[in-house]
Trainee: 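I'd like to ask some things about the structure below.
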Amino acid sequence: MSQSYGNYQPEIYLNGLADQTPPFTTDPTRLAEAARERLADGPYWYVAGAAGSGATERANRAAFDRRRLVPRMLTGATERSLATTVLGEELAAPVLLAPVGVQGILHEDGELATARAAAGVGVPMVLSTASSHTIEDVAQANGAGQRWYQLYWPNDDDVTVSILDRARRAGFTTLVVTLDTWTLAWRPRDLDQSYLPFIRGVGCAIPFSDPAFRAGLAKPPEEDVLSAVLKWVPTFTGTDKTWDRLPFLRRHWEGPIVLKGIQHVGDARRAAAAGMDGIVVSNHGGRQVDGAVASLDALEPIAAAVGERLDVLFDSGVRTGADVLKALALGAKAVLYGRPYAYGLALGGEDGVRHVLRSLLADLDLTLGLSGHSSVAEVGPGSLSLE
Ligand SMILES: Cc1cc2nc3c(=O)[nH]c(=O)nc-3n(C[C@H](O)[C@H](O)[C@H](O)COP(=O)(O)O)c2cc1C
Ligand SMILES: O=C(O)C(=O)c1ccccc1
């Protein structure tokens with residue numbers, strides 16, 4: 001699809017988005033502020049918070065700030081395309097919506113709103129296993145849109161197989177297996193408020209609607225939520241997993257498989273050796289290991305080591321079009337967009353997600369062109385070099 005997202009620009013001026021309710025902003029760095037005014041402390045800090053002191057969350061941003069694009073002139077980049085191919089799938093832009101769990105705490109429509117907005121804009125969504133809505137309902141809301149499924153890999157193989165089968169039947173193409181969150185990290189904001197959304201069953205729609213999971217319960221979740229949650233939560237993130245278990249996923253998933261949460265070159269090589277199709281270089285937005293390397297700093301050596309063998313995706317700290325270009329320049333094929341769209345969801349449901357996503361794509365399109373590039377394929381190490 002060739003579409004100039006920069007065309008959204010006059011619309012932004014004409015509509016005076018600042019006057020609209022809810023209070024949208026086109027400045028991604030101010031979205032958190034706007035959402036802060038809307039949300040109760042629990043949900044707000046669940047999204048905005050990080051692990052420990054927040055050192056890695058800050059490092060993610062600092063790593064973007066240290067790098068600078070070097071624009072080129074008179075290249076004829078007035079006609080542009082953001083289109084790209086990732087894991088054999090055509091994408092309208094090198095952007096996907098990152099898996100974000102428990103969206104029901106941000107807006108009553110939760111993942112359904114996100115699914116509609118993503119399909120409308122033409123960007124794939126990655127649905128979290130910790131969704132507030134079922135796989136089937138999200139697929140329906142997403143319609144003809146592109147959707148990937150993020151697996152928190154349960155300890156129970158029957159449940160895993162059942163969930164994978166549901167995702168396949170519901171039209172999810174790529175499987176994203178998150179490795180960095182086999183338990184939640186030390187997150188002071190949540191701990192201080194005793195805030196853990198799924199403790200009341202929020203974010204458990206997928207297991208609660210799953211026949212294999214329900215078969216193992218003494219009473220259905222509708223009758224005894226707490227027991228169901230206490231059975232699910234300690235095991236759904238895959239506390240029993242090691243590298244030798246990956247062939248199991250290959251046997252039960254026909255499409256591409258991507259490992260999310262890779263930060264070490266050795267692990268990236270291991271993913272390639274295990275026959276994985278892709279990785280997401282990510283530190284989970286600084287929500288897991290406080291003091292972990294900035295995700296953008298990990299990207300360059302990882303992409304250099306394995307970029308020829310598998311598709312390297314990236315997340316953690318992407319906020320602007322320039323950030324997307326920097327990640328592409330350092331070897332990413334596409335990025336996952338996280339917290340900003342969650343704030344958009346909190347501020348305006350489907351409209352909020354659409355606004356945030358279209359703003360990012362418009363910014364990306366304009367910044368790509370003004371940097372002298374007509375397509376994302378042209379973005380590379382040279383985009384950051386003075387010579
Ligand atoms: C509120 C919230 C919930 C998240 N839930 C999940 C999840 O269920 N599964 C997952 O793989 N990643 C999850 N993530 C991590 C994101 O997919 C992504 O790695 C991260 O948000 C990137 O950092 P950024 O938001 O600072 O750009 C979550 C992130 C946030 C902020
Ligand atoms: O909060 C998170 O970062 C996350 O990944 C998660 C984990 C379990 C349930 C919901 C979200």
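Every number for a ligand or one of its atoms is a count from 1 in the order of the listing.
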Trainee: Would you please indicate yes or no on a ring centroid separation below 6.0 angstrom for Phe213 and Trp232?
Mentor: yes
Trainee: Got a sec: does the CD of Glu223 have more than 12 other heavy atoms crowding it under 6.0 Å?
Mentor: yes
Trainee: Please work out which of Arg319, Gln150, Arg339 has its closest non-hydrogen atom nearest to atom 9 (N) of ligand 1.
Mentor: Gln150
Trainee: Nearest protein heavy-atom contact for atom 11 (O) of ligand 1: which residue, which atom, what distance?
Mentor: Thr178 OG1, 2.6 Å
Trainee: Which residue owns the protein heavy atom closest to atom 21 (O) of ligand 1, what's the atom, and how far is it?
Mentor: Gly338 CA, 3.9 Å
Trainee: Report the part of Tyr152 (side chain from C-beta onward, or backbone N, CA, C, O) that has a heavy atom under 4.0 Å from ligand 1; answer both or neither where that applies.
Mentor: side chain
Trainee: Would you say Glu89 has more than 12 foreign heavy atoms packed within less than 6.0 Å of its CD?
Mentor: yes
Trainee: Between His284, Arg287, Gln288, which one has a non-hydrogen atom sitting closest to atom 31 (C) of ligand 1?
Mentor: Arg287
Trainee: Are there over 12 heavy-atom neighbours, none belonging to Arg200, within less than 6.0 Å of that residue's CZ?
Mentor: no
Trainee: How far is atom 12 (N) of ligand 1 from the closest protein heavy atom, and which atom is that?
Mentor: Lys260 NZ, 3.0 Å
Trainee: Parallel, tilted or perpendicular, judged at 30° and 60°: which one describes the rings of Phe236 and Tyr152?
Mentor: perpendicular
Trainee: Below 4.0 Å, non-hydrogen atoms only: which portion of Arg187 touches ligand 2? Side chain, backbone, both or neither.
Mentor: side chain
Trainee: Validate the cation-pi geometry between Lys241 and Trp182: distance from NZ or CZ to the six-membered ring centre under 6.0 Å, angle to the ring axis within 45°.
Mentor: no
Trainee: Does atom CZ of Arg66 have more than 12 heavy-atom neighbours from other groups under 6.0 Å away?
Mentor: yes
Trainee: Give the atoms of ligand 2, by number and element, whose distance to some non-hydrogen atom of Ala130 is under 4.0 Å.
Mentor: 9 (C), 10 (C)
Trainee: Between Asn283 and Asp180, is any side-chain donor less than 3.5 angstrom from a side-chain acceptor?
Mentor: no
Trainee: Would you say Gln193 has more than 12 foreign heavy atoms packed within less than 6.0 Å of its CD?
Mentor: yes
Trainee: With a cut-off of 4.0 Å, which atoms of ligand 2 are near a heavy atom of Arg287?
Mentor: 1 (O), 2 (C), 3 (O)
Trainee: Can you find a non-hydrogen atom of Val100 under 4.0 Å from ligand 1?
Mentor: yes
Trainee: So which protein heavy atom does atom 6 (C) of ligand 2 come closest to, and at what separation?
Mentor: Tyr46 OH, 3.6 Å
Trainee: Within 45 degrees of the axis of the six-membered ring of Tyr46 and under 6.0 Å from its centre: does Arg287 put its NZ or CZ there?
Mentor: yes
Trainee: For ligand 1, is any non-hydrogen atom under 4.0 Å from Asp315's backbone (N, CA, C, O), its side chain (CB onward), both, or neither?
Mentor: side chain
Trainee: Applying the 4.5 Å side-chain criterion to the ILVMFWY set and letting contacts propagate, would Val289 and Val265 be lumped into a single cluster?
Mentor: no
Trainee: Using a cut-off of 6.0 Å, state whether more than 12 heavy atoms not belonging to Glu79 lie near its atom CD.
Mentor: no
Trainee: Taking heavy atoms and a distance under 4.0 Å, where does Pro99 meet ligand 1: side chain, backbone, both or neither?
Mentor: both
Trainee: Backbone, side chain, both or neither: what part of Leu184 comes under 4.0 angstrom of ligand 2, heavy atoms only?
Mentor: side chain
Trainee: What protein heavy atom sits nearest atom 9 (C) of ligand 2, and how far off is it?
Mentor: Phe198 CE2, 3.1 Å
Trainee: Hey, looking at atom 23 (O) of ligand 1, which of Ser128, Ala342, Gly285, Gly49 has the closest heavy atom?
Mentor: Gly285
Trainee: Classify the contact between Gln288 and ligand 2 as side chain, backbone, both or neither, using a heavy-atom distance cut-off of under 4.0 Å.
Mentor: neither
Trainee: For Val47, take its heavy atoms, then give the atoms of ligand 1 lying under 4.0 Å from any of them.
Mentor: 1 (C), 31 (C)
Trainee: Can you check which of Ser282, Ser295, Gly101, Gly317 brings a heavy atom nearest to atom 5 (N) of ligand 1?
Mentor: Gly101
Trainee: Does CH2 belonging to Trp186 count more than 12 external heavy atoms closer than 6.0 Å?
Mentor: no
Trainee: What atoms of ligand 2 come closer than 4.0 angstrom to any heavy atom of His284?
Mentor: 2 (C), 3 (O), 4 (C), 5 (O)
Trainee: Given that the side chain starts at C-beta and the backbone is N, CA, C, O, which of these parts of Phe236 lies under 4.0 Å from ligand 2, counting heavy atoms, or is it both or neither?
Mentor: side chain
